[in-house]
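Notes to accompany the following structure.
Reminder, nothing fancy here: chain letters follow the sequence lines and each chain counts from 1. Values in this document were obtained by computation on a predicted structure and should not be read as measured data.
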Amino acid sequence: MAEHDSFTGSNFIQNIIEEDARTGKHGGRVHTRFPPEPNGYLHIGHAKSICLNFGLAAKYGGKCNLRFDDTNPSKEEVEYVESIQEDVRWLGFDWEARLFYASDYFGELYAFAVQLIKSGKAYVDDLSAQEIKEYRGTLTEPGKESPYRNRTVAENLDLFERMKNGEFPDGSRVLRAKIDMASPNLNMRDPVLYRILRSTHHRTGDTWCIYPMYDYAHPLSDAAEGITHSICTLEFEAHRPLYDWCLEAVDHKNRPQQIEFARLGLTYTLMSKRKLRALVENGYVRGWDDPRMPTISGLRRRGYTPEAIRDFCDRIGVAKSNSVVDFSLLEHCIREDQNARAPRVMAVLRPLKVVIENYPEGQAEELEAENNPENPAMGSRKMRFAREVFIEQDDFMEDPPKKFFRLAPGQEVRLKNAYIIKCEQVVKDERTGEIVELRCTYDPDTRSGSGSSRKVKGTIHWVAAEYSAKAEVRLYDHLFTVEDPDTGEDYKTYLNPRSLEVLSGCRIELGLASAAIGERFQFLRNGYFYVDSDSAPGQLVFNRIVALRDSWAKAQKG
RNA sequence: AGGGGCGUAGCCAAGUCGGUAAGGCAACGGACUUUGACUCCGUCAUGCGUUGGUUCGAGUCCAGCCGCCCCUGCCA
């Protein structure tokens with residue numbers, strides 16, 4: 001069990017658990033579960049649930065199971081059960097030996113269904129799906145009872161067994177709970193418990209041709225595992241009476257309690273599995289693990305760490321009001337995480353050549369550069385300095401505004417860890433007018449660490465032309481242009497055409513050339529970057545995880 | 001309209017028996033700075049959807065009203 005996550009604040013679920021502990025409700029036990037359906041990849045919203053369930057168990061000395069809710073073989077695949085396990089494990093949680101599947105209980109569930117029939121609480125209905133819908137009534141009008149509702153126990157038993165034996169076609173009959181067709185809660189109007197469905201199940205194969213519905217399988221699966229607190233999202237609130245009915249109807253010795261909380265909403269993205277799948281299948285993104293996706297695998301490939309995601313989940317809180325969290329909070333969490341541990345390196349994303357005219361040709365020297373000012377224990381490294389260097393195009397302006405503390409004609413700037421240079425001349429392409437090179441001079445007395453007392457307002461990063469390597473850098477922006485793209489089916493029109501920008505001519509300091517896939521760095525003054533799996537020897541690809549805060553850029557906009 | 005929920009700052013979110021509105025993000029000032037980063041300091045609800053009521057005292061209790069979300073799959 002992960003030791004790290006114990007919530008700092010309180011939430012209503014903890015209050016319930018603590019009250020239960022006080023009254024001895026579940027014998028003082030806390031046992032939760034994370035119950036994904038293996039029909040898609042996990043996203044940051046699932047991370048909230050995972051952190052909640054495993055976190056609660058850890059905090060109260062309980063356990064948390066991983067259980068696949070695999071009651072609908074027509075939508076579920078092993079690819080998903082594998083990715084889900086990988087994601088939960090990567091997030092830092094351990095279900096130990098408690099990996100379960102709802103399909104583990106198909107036999108037990110069937111036996112309970114027979115028991116329900118025997119006690120007159122369930123019946124086989126021959127109505128078609130369309131007829132069942134018509135008989136259900138509306139929000140304001142009660143439903144009508146099915147003409148098959150009062151079959152004898154013997155007939156129901158016979159029919160249900162024959163359903164199981166495959167004697168009837170798909171959809172021809174269902175097993176229904178006999179509850180109340182006039183209930184104001186539609187979920188209680190004789191809900192379907194079993195349907196006939198010929199579809200090969202990823203675990204049970206073709207053993208079954210009838211499959212239990214969620215509302216029936218879930219409470220009984222929870223009970224089978226001795227779950228005490230069954231935490232789910234708000235939309236299941238109206239299903240709670242049915243959850244309790246199932247446990248009561250079979251007179252189960254265990255009585256887990258369902259508690260609902262609000263699912264996570266995040267600005268500038270989607271959390272609907274269906275829509276995320278559509279983005280993948282229609283090629284709007286490169287896959288479930290595209291770094292722009294809010295999936296766990298996408299965030300992982302982007303370069304987010306489990307620690308940052310857990311911290312985020314801890315900070316957003318748990319409540320019952322529908323909420324949409326600012327994406328900036330997630331960004332804050334990864335910045336805080338990386339600020340403490342990412343090595344600083346220099347990388348020039350959009351290079352502009354600078355020739356230092358009074359620096360001897362052919363000369364080079366090694367300069368000391370600290371790896372992380374936040375953590376001196378991370379030491380320092382050497383950087384080569386020479387006559388020709390690259391600086392960021394953005395760090396030079398021919399006609400700068402006030403308070404532009406970077407390079408401009410006649411202006412000085414410090415090259416970080418090196419010297420103060422002065423821009424003497426701007427070289428342009430005669431035809432296009434494009435700035436192709438800067439001619440500068442340096443002050444030899446200002447070498448970093450030499451005790452020079454000269455100060456300039458600005459310090460910029462650089463890389464020596466000869467002692468640098470090329471790299472590709474992928475810059476990411478929000479997938480959508482609006483805060484809430486998840487309205488109806490219009491979401492595709494809000495896709496951000498600039499969500500990905502690929503820079504291929506970037507120059508990185510030489511030491512970085514040997515970086516391995518999965519390593520993270522802070523590119524000084526730029527942001528935090530992650531070595532993508534597309535990298536090959538000599539052809540590094542970096543993902544920008546998140547940019548550094550930039551109060552200058554912000555001031556320019558405002 | 002029937003049922004179930006929710007409404008505290010731009011966004012999340014604490015708020016035990018009613019005792020005089022935590023914290024985080026964002027934003028905005030300022031200090032520091034060889035990262036316009038980080039860090040630090042300060043500002044940011046006489047106000048808790050709204051209207052009444054009870055009370056010495058109400059975000060907390062009561063009543064009405066308003067707004068938003070969920071429920072009519074043989075999906076989960």
Centroid distance below 5.5 Å plus an interplanar angle below 30 degrees: do A:Tyr214 and B:A76 meet both conditions? no
Contact class for A:Arg189 (heavy atom, under 4.0 Å): base, sugar-phosphate, or nothing? nothing
B/S/- contact track for nucleotides 15-25 of chain B, protein heavy atom under 4.0 Å: S--------SS
What's A:Met213 touching, base or sugar-phosphate or nothing? Going by heavy atoms closer than 4.0 Å. sugar-phosphate
Between side-chain atoms of residues 365-376 of chain A and protein atoms elsewhere (two or more places apart, or another chain), which donor-acceptor pairs fall under 3.5 Å?
| residue | atom | partner | partner atom | Å |
| --- | --- | --- | --- | --- |
| A:Glu365 | OE1 | A:Tyr419 | OH | 2.9 |
| A:Glu365 | OE1 | A:Arg447 | NH1 | 2.6 |
| A:Glu365 | OE2 | A:Tyr359 | OH | 2.8 |
| A:Glu365 | OE2 | A:Tyr419 | OH | 2.8 |
| A:Glu366 | OE2 | A:Arg384 | NE | 3.4 |
| A:Glu368 | OE1 | A:Lys382 | NZ | 2.7 |
| A:Glu368 | OE2 | A:Ser380 | OG | 2.4 |
| A:Asn371 | OD1 | A:Arg381 | NH1 | 3.0 |
| A:Asn371 | ND2 | A:Met378 | O | 2.9 |
| A:Asn372 | OD1 | A:Arg344 | NH1 | 3.2 |
| A:Asn372 | OD1 | A:Glu374 | N | 2.8 |
| A:Asn372 | ND2 | A:Ala340 | O | 3.4 |
| A:Asn372 | ND2 | A:Ala342 | O | 3.4 |
| A:Asn375 | OD1 | A:Ala377 | N | 3.2 |

Output the single nucleotide from B:A13, B:G4, B:U72 whose closest atom is nearest the side chain of A:Arg136. B:U72
Can you tell me how far C1' of B:U35 sits from CD1 of A:Ile391, to the nearest Å? 15 Å
Check each residue of residues 65-78 of chain A for a non-hydrogen atom within less than 4.0 Å of any atom in RNA chain B, then write out the ones that pass by number, or none. A:Asp69, A:Thr71, A:Asn72, A:Lys75
Dot-bracket for RNA chain B: what is it, with Watson-Crick or G-U pairs under 3.5 Å, [ ] where a pair crosses earlier ones, and | for a pair to another strand? .((((((..(((......[...))).(((((.......))))).....(((((..]....))))))))))).....
Pick out the pairs of N or O atoms, protein on one side and nucleotides 66-71 of chain B on the other, that lie under 3.5 Å.
| residue | atom | partner | partner atom | Å |
| --- | --- | --- | --- | --- |
| B:C69 | O2' | A:Asn322 | ND2 | 3.3 |

Contact class for A:Arg414 vs. all strands (heavy atom < 4.0 Å): base, sugar-phosphate, or nothing? base
Identify, residue by residue, the members of residues 454-461 of chain A with a heavy atom below 4.0 Å from RNA chain B, and return them in order of residue number, or none. A:Lys455, A:Thr459
Nearest listed nucleotide, side chain of A:Lys554, among B:G4, B:A13, B:A27: B:A27
